[in-house]
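What follows is a set of notes on a single structure, which appears directly below.
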Amino acid sequence: MVFALAGNQNSGKTTLFNALTGSNQHVGNFPGVTVERKSGEVKGKKDCTIVDLPGIYSIRPYTQEEVVSTDFILNEHPDGIINIVDATNIERNLYLTLQLLELKVPTVVALNMMDEVRENGGSVDVEKLSGILGVPVVPIAAAKGEGISELLEVALETANRKALPSVYDFCNDGGPVHRCIHAIVHLIQDHADSLGLPCRFCVTRLIEGDGDMDEKLGINQNEKELIEHCVVEMENSTGLDRNAALADMRYNFIENAVAQAVIKSSESKEHRRSVAIDRILTGKYTAIPVFIFVMFLVFWLTFHAVGQRMSDILATGIEMLTQAADKGLVSYGINPVVRSLIIDGIFAGVGSVLSFLPIVVTLFFFLSILEDTGYMARIAFVMDSLLRKIGLSGRSFVPMLMGFGCSVPAIMATRTLSSDRDRKMTILLTPYMSCSAKIPIYAVFSAAFFPRHAALVMIALYVTGILVGIIAALMFKSTLFRGKPVPFVMELPNYRLPSAKTVALLLWEKAKDFIERAFTIIFLGSMVIWFLQTFDSRLNVVSSSADSLLAIIGRFIAPVFAPLGFNDWRVATSLISGFTAKESVISTLAVLLGTSIDSLGQVLGSLFTPLTAVSFLVFTLLYTPCVAAVAAVRRELDSSLKTLTVVISQCVIAWITALVVYTVGRLLF
Amino acid sequence: MTLDKLKIGKSGKITSVGGEGALRLRFLDMGLIPHTVVRMQKTAPSGDPIQILIRGYELTLRLEEASKIEIEELSE
Ligand SMILES: Nc1nc2c(ncn2[C@@H]2O[C@H](COP(=O)(O)OP(=O)(O)OP(=O)(O)O)[C@@H](O)[C@H]2O)c(=O)[nH]1
Ligand SMILES: [Mg+2]
């Protein structure tokens, strides 16, 4: 049995999905978090699948992620629909409900966020509402786990009985809309029935002027004219055009239902609190300073106060473990080549990356706080006018901000943007937001060459990435992507306290992901690098890695980087290995220099001067995204050629920027 | 007058909803339909976009979009 979870954005679908299935999908206080459909088995029930869908406001989709939802509901025939309604915002949420009821699918309405409604002294007469809507209504609080089992029971029972919604007439007055709908119902009922399509749904689509529906139903010219006649008459007598007339009908029905069944609290505590917080966070004079302060604080805490400290401790631990392992292997008398593989390859490579886990997790922690509290939506609001200058809208800010974590979900998050042009442009810009996998590179280099100003160097790098991104955007805007930015119409949800559980689960997920990569990609990569630098082309162990297989390959490429100040085969290979995952740049250098993370900084002094280090950092900041991100770009742009262009142009831009930095630096110092 | 001209803190009743295509449908879906009361909450620091209160929730839209919505100002 398959249930679809349908509802407005930010109504709590994913929270309910997680509660029902025990999975750990991303939840956030921002409209448009889920962009893909996800199915999961209900815990403790056999053959009962729930499908979490992106949020929609209407059955008519506008953006790519909304198409996913309507497609699923209309074409994949779920056995039942669980319609999540945010009870704190019941009118707008029921608007979608009325459209779902027309589909003739067993439906249950889950009234979510009842905890907030109750706290504020509001209440809902569930029986009455259920009577008005003609489907079961179950009050729940998904985040608190309340009412979930009742909901499941009711949903199963409704689907088993194949109980269809019993109300589908929302124009209970005999007025012009009523006449129009009923006239068209008479006309097409037979067509719809013989095709097994829900008649009411077809009628609304016909009134809205959906050309595909004409064809689907096989409506002839005569019938088409009759329908048009009915619609025009309705328009004339209501004084509203067809779309507004239908919207008006639905909202009238809803207002009536709400008046009967819902006791609203005057103004909710959450809303009052949000307005008060917004006085500062989006205030005329305070918004921008606060935003800059918040971002600065996040980076400072991540790269200095909290994340960095924990990473230092972990690095010491890893170093100790490495030495202990080394001692153990030597005293065991193991073959020196195997010892080298384990210590110089695996321990150096994986260890160099692993120690940065705390920094990465800290950064994700702050990003998730920004999102879960609802501040992310405000950033979009405040930044809209700025982003419009580079041809985008406030919504594009969110994927870009997520890009500081990882480009892959960030690129996927562009699906919530409603125009193709905005989407493509945002996808191209996201890689300029330096992802967290590059943190190990920055951390090692800035600690080695600028120990006193490490945090400052980090922030400067992020800012450089953003600036280059802006320049690129301005170029795109006047060349590839001419045209107007799309409208910006977005809900601003009330601020919420992030739930500790959600945040903890997210961090656990990110930490697991990072560790997994360290022990798969980085592990394998380190072994490959170790192998290539230990043997020559005849598979003899080399005495100096300068004669190794890798050196031959690296020397071939290194000259490309000569103008940037780092003409060394080891540096060149580390950059190439960075394509698999950015952390590999550091693990590769660690393996090639034969040191562990603790002394890597000192050894790097033999390869770089402070200036070439900066040039190298700028290059790594901007050059091609990793394989996973490139694959995501490929998926979203749906073109290999365009993706290749992205990769090449990023490398070129990186090379040029690093050259400028290096040249200017040489002139100055 | 149009929605973008509404002063902060004032309310108005929608008389007609303009705009075209997807934008207009989005307006309707979000509950911006004739006879609905909206309140101007605030503007972003640069004066655009604006934030309005409608049907108990906060919605942001740009001045350009708001100028497509006709309203009738309500006195307190
Ligand atoms: N107070 C309260 N908050 C809830 C409840 N259920 C969900 N939330 C919060 O509502 C917000 C949105 O939850 P999500 O589950 O991400 O919503 P969604 O419907 O999946 O949203 P999209 O994927 O963006 O369409 C989060 O901040 C949740 O913590 C509830 O029962 N009570
Ligand atoms: Mg979701």
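Naming convention: chains lettered A, B, ... in sequence-line order (proteins, then strands); numbering from 1 in each chain.
- Side-chain contact between A:F488 and B:L61: absent, with no pair of heavy atoms (C-beta onward) separated by less than 4.5 Å.
- For A:Y57, the parts sitting under 4.5 Å from any heavy atom of chain B are the backbone and the side chain alike.
- In this structure the side chain of A:M490 never reaches within 4.5 angstrom of the side chain of B:L59, judged on heavy atoms.
- Both the backbone and the side chain of B:Q51 have a heavy atom closer than 4.5 Å to some heavy atom of chain A.
- With a threshold of 4.5 angstrom between heavy atoms, B:L25 approaches chain A through its backbone and through its side chain.
- Heavy-atom pairs under 4.5 Å with chain A peak, among B:V17, B:D48, B:I54, B:L53, at B:D48.
- When A:D241, A:L240, A:N494 are compared by the number of non-hydrogen pairs under 4.5 Å with chain B, A:D241 comes out ahead.
- Heavy atoms of B:L23 lying under 4.5 Å from chain A belong exclusively to its side chain.
- Most heavy-atom pairs under 4.5 Å with chain B, from the set A:A287, A:A380, A:A244: that is A:A244.
- Atom CD of B:E64 is surrounded by 12 or fewer heavy atoms from other residues, nucleotides or ligands within 6.0 Å.
- Residue contact with chain B, scored on non-hydrogen atoms closer than 4.5 Å, involves the side chain of A:E255 exclusively.
- Of all the listed residues (A:T282, A:L96, A:V275), the one sharing the greatest number of non-hydrogen pairs under 4.5 Å with chain B is A:T282.
- In this structure, no portion of A:R250 lies under 4.5 Å from any heavy atom of chain B.
- If you measure heavy-atom distances from B:I50 to chain A, the contacts under 4.5 Å come from the backbone alone.
- Not a single salt bridge (charged side-chain N to carboxylate O under 4.0 Å, His left out) links A:E102 to another residue, sequence neighbours left out.
- Between the CD atom in B:Q41 and the CG atom in A:L492 there is a gap of 10.0 Å [rounded to 0.5 Å].
- Looking at heavy atoms from C-beta onward, A:V489 lies out of side-chain contact with B:T60 at the 4.5 angstrom threshold.
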Checklist entry - Going through the distances and angles, do B:R26 and A:E66 end up as a salt bridge (Lys or Arg N to Asp or Glu O under 4.0 Å)? => result CA-CA 13 Å; B:R26 182 64 112 197; A:E66 293 178 354; 3.2 Å; yes
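- In this structure, CG on A:N243 lies 12.0 Å from CD1 on B:I33, to the nearest 0.5 angstrom.
- Taken from OG in B:S46 to CE in A:M383, the straight-line distance is 10.0 Å, to the nearest 0.5 Å.
- For B:R55 and A:Y251, the positive end sits near the middle of the six-membered ring, less than 6.0 Å away and at most 45° from its axis.
- Ranking B:G19, B:P49, B:A44, B:G56 against chain A, the residue ahead of the rest is B:P49, based on heavy-atom pairs under 4.5 Å.
- The CD1 atom of B:I8 sits 8.0 Å away from atom NZ of A:K284, with the distance rounded to the nearest 0.5 Å.
- Side-chain contact check for B:R62 versus A:S385: every heavy-atom pair is 4.5 Å or farther apart.
- Taking the side chain as every heavy atom from C-beta outward, B:P45 and A:V382 approach each other to under 4.5 Å.
- At a threshold of 4.5 Å between non-hydrogen side-chain atoms, the residues A:H271 and B:E58 count as touching.
- With rounding to the nearest 0.5 Å, the separation of OG1 in A:T88 from OH in B:Y57 is 12.0 Å.
- Residues B:T43 and A:F381 approach most closely at C-CZ, 3.8 Å, considering heavy atoms.
- For A:N89, the part sitting under 4.5 Å from any heavy atom of chain B is the side chain, from C-beta outward, and nothing else.
- With a threshold of 4.5 angstrom between heavy atoms, A:E91 approaches chain B through side-chain atoms but not through N, CA, C or O.
- Distance CE/B:M30 to CZ/A:R92: 5.0 Å, rounded to 0.5 Å.
- For chain A, no part of B:T36 is nearby; none of its heavy atoms comes within less than 4.5 Å.
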